[in-house]
Amino acid sequence: MGSQQAAQIPTSFGHELKACLRCCLVKTYDQFRESGCENCPFFQMEEDHERVMECTTSNFTGLISVMDPTRSWAARWLRIARYVSGCYALLVSDELPDDLQNLCKDQNIPYAPPKRI
């Protein structure tokens with residue numbers, strides 16, 4: 001079995017949890033600040049308080065842990081099957097700021113804003 005990259009697992013499950021606005025990966029604020037987002041390294045969140053605040057939100061619903069995204073029907077359903085193993089929000093309510101949406105577009109990186117209900 002090959003070594004598959006995995007995201008850090010949140011070290012606590014309180015108000016400090018944040019979800020990446022692009023891929024929905026959930027970690028603590030400190031974890032995003034220390035190592036960024038494993039699925040979205042182009043956001044360069046490491047050691048940048050402002051970038052972590054721009055790229056993440058605590059406004060999300062639900063949490064799923066995925067150990068093997070490529071084999072999980074739930075990961076396929078949530079469209080996270082190509083991401084690293086880790087914890088993910090089921091629904092993120094905020095969208096990326098326009099400048100970061102443009103960054104994704106310029107680099108041909110898919111981004112789907114949350115659906116408005």
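Just so we're clear, the structure is a prediction, and the values are computed from it rather than from any experiment.
- Annotation: the span from T70 atom OG1 to Y83 atom OH amounts to 15.0 Å, rounded to 0.5 Å.
- The CD1 atom of I64 sits 5.5 Å away from the OG atom of S72 when rounded to the nearest 0.5 Å.
- Between atom SG of residue C40 and atom CG of residue L25 there is a gap of 8.0 Å, rounded to the nearest 0.5 Å.
- Put simply, the side chain of N59 does not reach to within 4.5 Å of the side chain of V92, judged on heavy atoms.
- Distance check: N39 CG to C24 SG gives 10.0 Å after rounding to the nearest 0.5 Å.
- The ring pair (Phe, Tyr, Trp, His ring centres under 6.0 Å) contacts involving residues 47-77 comprise Y29-H49, where partners must be two or more places apart or lie in separate chains.
- At a threshold of 4.5 Å between non-hydrogen side-chain atoms, the residues F43 and L100 count as touching.
- Looking at L21 and T56, their side chains never come closer than 4.5 Å, going by heavy atoms from C-beta outward.
- Every side-chain hydrogen bond (donor to acceptor under 3.5 Å, both in side chains) that E54 has, sequence neighbours left out, goes to R51.
- In this structure, S58 has no side-chain hydrogen bond (donor to acceptor under 3.5 Å, both in side chains) partners at least two apart in sequence or on a different chain.
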Candidate pair L90 and L63, rule side chain to side chain contact (heavy atoms under 4.5 Å, CB included), full reasoning: CA-CA 6 Å; L90 296 177; L63 190 66; over 6 Å; no
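- A distance of 4.5 Å separates SG of C55 from CE of M45, quoted to the nearest 0.5 Å.
- Residue pairs meeting the salt bridge (Lys or Arg N to Asp or Glu O under 4.0 Å) criterion with at least one member in residues 23-35, sequence neighbours excluded, are K27-E38.
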Show me, pair by pair, the donor-acceptor contacts under 3.5 angstrom made by side chains of residues 101-114, not counting sequence neighbours?
unit_1 : atom_1 : unit_2 : atom_2 : d
Q101   : NE2    : E95    : OE1    : 3.2
Q101   : NE2    : L96    : O      : 2.7
N102   : ND2    : D98    : O      : 3.3
Y111   : OH     : L96    : N      : 2.9

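- Distance check, rounded to the nearest 0.5 Å: NZ of K18 to OG1 of T28 gives 10.5 Å.
- No side-chain heavy atom of M53 sits under 4.5 Å from any side-chain heavy atom of F32.
- For the residue pair C37 and C23, the shortest heavy atom distance occurs at SG-SG, 3.5 Å.
- Sorted by first and then second residue, the salt bridge (Lys or Arg N to Asp or Glu O under 4.0 Å) pairs with a member in residues 71-90 form an empty list; sequence neighbours excluded.
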